[in-house]
> 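After the structure tokens below, expect a handful of questions from me.
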Amino acid sequence: MANITLTLPDGAKREYPAGITGAEVAADISKSLGKAALACEINGKFSDLSIPIEQDSDFRLFTIKDEEQALELIRHDAAHIMARAVQEIWPDVKVTIGPVIKNGWYYDFDRAEPFTPEDLTLIEKKMREIINKREPVRTEVWDRNRAIQFYKDNNEPYKVELIEAIPGDEDLRMYWHGNWQDLCRGPHLAHTGQVPADAFKLMSVAGAYWRGDSNNAMLQRIYGVAFRNKQDLKAHLHMLEEAEKRDHRKLGKTMDLFHIQEEAPGMVFWHPNGWTVYRVLQDYMRRRQIADGYLEINTPEVVDRKLWEASGHWDKYRENMFITEIDEEHANEKRVNALKPMNCPCHVQVYNQGLKSYRDLPLRLAEFGSCHRYESSGSMHGLMRVRGFTQDDAHIFCTEDQIAGETKKFIELLSSVYKDLGFEDFEIKFSTRPEVRAGSDEVWDQAEAALENAIKALDLPYEIDPGEGAFYGPKLDFKLTDAIGREWQLGTLQADFVLPGRLEAEYIGEDGQKHTPVMLHRATLGSFERFLGVLIENYAGKFPLWLAPRQVVVASIVSDADGWVAEVVERLRAKGIRAEADTRNEKINYKVREHSMAKVPVILAIGMKEVEDKTVSMRRLGDKGSKVLGIDEVVAELVAEATPPDLRD
RNA sequence: GCUGCCGUAGCUCAGGGGUAGAGCACUCCCUUGGUAAGGGAGAGGCCGGGAGUUCAAAUCUCCCCGGCAGCACCA
């Protein structure tokens, strides 16, 4: 038999007979490595240790220390082991697929009865048994027909469907975890015992459509998380607890920001505190937009269906619109109106008043536009997905040549705004032409190039989402990652070559002829509701002073200090600080605790000492101690800090 | 919309076929106390809505509404 040469990552070369497996190589290098090896890489291909190596190759082994590969393997094998456990407990359950996802995996099952939380415990126990058996994982390549027949014989219709959907007649790889078999691309660990028995946990069960299609049967999906060791699992579970604490719905209650109630699902009742943050944010955005050449307008919320028919929304979007009914007795004519689901058609109406010249372009019309969309019941989520919301919307009417410049200008505005609001990094997704679309390929070429060049010119990283653009044009979506790693789509910029023509927007060009402008739909925050949700979670409710709904509480320590308390509050309020007095008959400990839990950033405590010296004892949220300062000093410091970032010197 | 779970006082939750409980919050009283809960008393609920089963329903069943997790959706 011929020999082959394996080149290790450090450059060392080793010679072995062809057909040797990764496992054998590992054992040959050292006994301990033979045990520790989880999988390998052969010429850059992630592979099982059991695969024979036939040619000279670059070769690398992975152990538990290689985090990325180890986690991938552990989670993937955990998915198989879970499926095996489920079928060992309930042999009639049909298996489908079970991929690795962030932090863990899921596996979809078809079973008539729902899995209960007790079932999850049962499955976990069975999984540990399987892990402790340390049974080998082996693999074989089967031809397609054999695999199909096998699954037919075993009454696994989903697997049959999966194989039939795989194009061509490529061979299929089968894996066995002990005696339990699954179709899988691999790679896998060498034996079940390599999954750490104390570092995984089954988290939840939920419905999921077979192949992600709502026309298909609903399966039961079990989610699990897995890590390399117990500590990492613990850390992850702890992180989830922390995330729960900063849930904006929870903080919305404890900080008395807003509520939502049955009579208006998906619509927000803003309380004084929440509305203060909302207003501060809106005022800030207004200043930023005016500074950037936007003209603010305001348009109707209830508009005749005729306009929606013209814009195309009536046709394509009607079931998501709130349609208004008018009491016929009092209406002089029967009209059907709809609450606007978006502002664009209204903005075109404003544009269409008066003849426009190319000299008017780009025309940037902005509106804090209140929109309503009848979102499906299951999709609503606190402030993040609502039925009534206000966009920081604007439409830029421009020529095709101006798209690139306007895009660049917008991204600069957006970056600066996000930074002011505490987000240093954001992701850009560039969505290109979908299959079904309006407009010629030339126009799409130009529009895509314009958007892409603008991002490139700013030297920002971005990802391409092919085919995910709107039917009327390509778009850029801006996503923020909050403090706990969740992604939210907020800002957007969409080029539109369709609506202006449909609603007969035009301008007179240099050539004296009528032209149709391009329309850029853009929003920086997206909607105030969602952005505030993200903002609350990102700051965990501890807003910087300028955004905090309640900025300063001046608390008396003894009643004899009440006079000075009132005076200090007045001094701060005179400078525009949101200050309030707390002269209740309570101990200072009690007051500090209460206002700290309400996330008031600054507490000024006042006892007789402060009264005599005309000072205050300032305590910052989160700090242990306090410091005594002169009143002028404190006012100056707080005023500077409470100034919105765009107004600072 | 779909699957599963949930809905009890303002909030967080316990209870569970015989007509309701705790802590915090609230009101009043005592206490004036130096930086994350001083003490006492009181008030507060058709147990999400409707129907059914039952001598009896907050509790069991069904329907509806709303919420949560996930899926689907997000022009």
Side-chain angles (χ1 to χ4, degrees), chain A residues 101 106 108 110-111 113-117 119 203-223 244 247 249-250 253-254 256 259-266 311-321 341-342 344 373-382 384-387 434 436 468-473 475 477 489 492 494 496 498-499 521 526-527 530 553 555-562 583-598 603-610 617-628:
Chain A
I101 54 174
Y106 67 75
D108 289 347
D110 185 10
R111 178 186 183 224
E113 305 76 41
F115 289 111
T116 64
D119 289 342
M203 303 298 284
S204 60
V205 192
Y209 296 109
W210 167 235
R211 318 201 90 192
D213 185 336
S214 57
N215 296 315
N216 287 343
M218 181 149 279
L219 307 170
Q220 295 189 63
R221 175 172 297 179
I222 302 180
Y223 286 90
E244 218 173 298
D247 188 309
R249 293 165 300 185
K250 200 169 203 164
K253 244 176 222 164
T254 56
D256 197 15
H259 85 271
I260 296 172
Q261 69 184 46
E262 260 190 66
E263 287 77 1
S311 68
H313 290 97
W314 193 259
D315 234 21
K316 295 203 168 147
Y317 199 63
R318 180 151 42 129
E319 66 256 33
N320 288 301
M321 288 166 71
M342 44 187 37
C344 0
R373 298 179 188 175
Y374 192 79
E375 301 285 1
S376 67
S377 58
S379 66
M380 288 184 295
H381 181 91
M384 302 300 199
R385 186 93 176 265
V386 286
R387 286 180 175 161
V436 182
E468 287 301 306
F471 77 94
Y472 50 72
K475 63 175 182 174
D477 287 325
Q489 200 224 293
T492 186
Q494 308 178 9
D496 186 343
V498 174
L499 199 60
H521 308 252
S527 81
R530 176 177 287 186
V553 168
S556 58
I557 295 170
V558 292
S559 318
D560 286 344
D562 290 1
T583 52
R584 290 175 304 169
N585 176 14
E586 296 291 351
K587 292 196 175 180
I588 191 64
N589 293 319
Y590 182 91
K591 296 182 184 181
V592 165
R593 174 179 152 84
E594 190 181 271
H595 298 123
S596 299
M597 287 198 307
I603 298 171
L604 303 180
I606 293 183
M608 289 323 285
K609 193 170 157 298
E610 286 76 19
S617 167
M618 180 158 81
R619 181 193 170 105
R620 297 277 189 165
L621 181 58
D623 283 2
K624 283 263 154 49
S626 60
K627 56 180 175 175
V628 176

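Reckoned from all heavy atoms, side chains included, excluding hydrogens, waters and symmetry mates. The model shown is predicted, which means the values in this text are computed figures rather than measured ones. The sequence lines fix the lettering, A, B, ..., with proteins before strands; numbering per chain opens at 1.
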> Determine the Euclidean distance between corresponding C1' atoms of G15(B) and G70(B); express it in Å to zero decimal places.
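It comes out at 30 Å once rounded to the nearest Å.
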> Is Glu610(A) side chain donor-acceptor paired with the G34(B) base, going by distance under 3.5 Å alone?
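Yes, the side chain and the base share a sub-3.5 Å donor-acceptor pair.
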> Check every atom of G34(B), C26(B), A36(B) against the side chain of Arg619(A) and return the nucleotide holding the closest atom.
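Among the listed nucleotides, the one closest to the side chain of Arg619(A) is A36(B).
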> Take atom C1' in A22(B) and the same atom in C47(B), then report the distance between them in whole Å.
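Taking atom C1' in both A22(B) and C47(B), they lie 15 Å apart.
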> Salt bridge (charged side-chain N to carboxylate O under 4.0 Å, His left out) for Glu594(A) and Arg584(A)? Distances and angles first, verdict last.
CA-CA 12 Å; Glu594(A) 190 181 271; Arg584(A) 290 175 304 169; 2.8 Å; yes
> For the residue pair Arg211(A) and Tyr209(A), would you count it as a cation-pi contact if the rule is NZ or CZ under 6.0 angstrom from the ring centre and within 45 degrees of the ring axis?
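Because its charged atom misses either the 6.0 Å distance or the 45° angle limit, Arg211(A) does not stack over Tyr209(A).
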> Taking the P atom of each, how far is G49(B) from C11(B), in whole Å?
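It comes out at 15 Å once rounded to the nearest Å.
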> Mapping Ser596(A) and Phe115(A) onto RNA chain B by nearest heavy atom, which one lands closer to the 5' end?
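Closer to the 5' end of RNA chain B: Phe115(A).
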> How far, in whole Å, is C64(B) from C2(B) if one measures between their P atoms?
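Pairwise P distance, C2(B) against C64(B), rounds to 9 Å.
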> Give the nucleotide from the list A36(B), G34(B), A25(B) with an atom nearest to the side chain of Tyr590(A).
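Nearest listed nucleotide: A25(B).
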> Tell which nucleotide pairs with C73(B), taking only Watson-Crick or G-U wobble pairs whose two distances are both under 3.5 angstrom.
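Across all strands, not a single nucleotide pairs with C73(B).
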> When you check the phosphate oxygens OP1 and OP2 of C11(B), does a side-chain N or O of Lys250(A) lie under 4.0 Å from one of them?
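So the side chain of Lys250(A) is outside the cut-off, no N or O lying under 4.0 Å from OP1 or OP2 of C11(B).
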> I'd like to compare against my own output: the B/S/- annotation of nucleotides 68-75 of chain B with a strict under-4.0 Å heavy-atom distance to protein.
SSBBBBBB
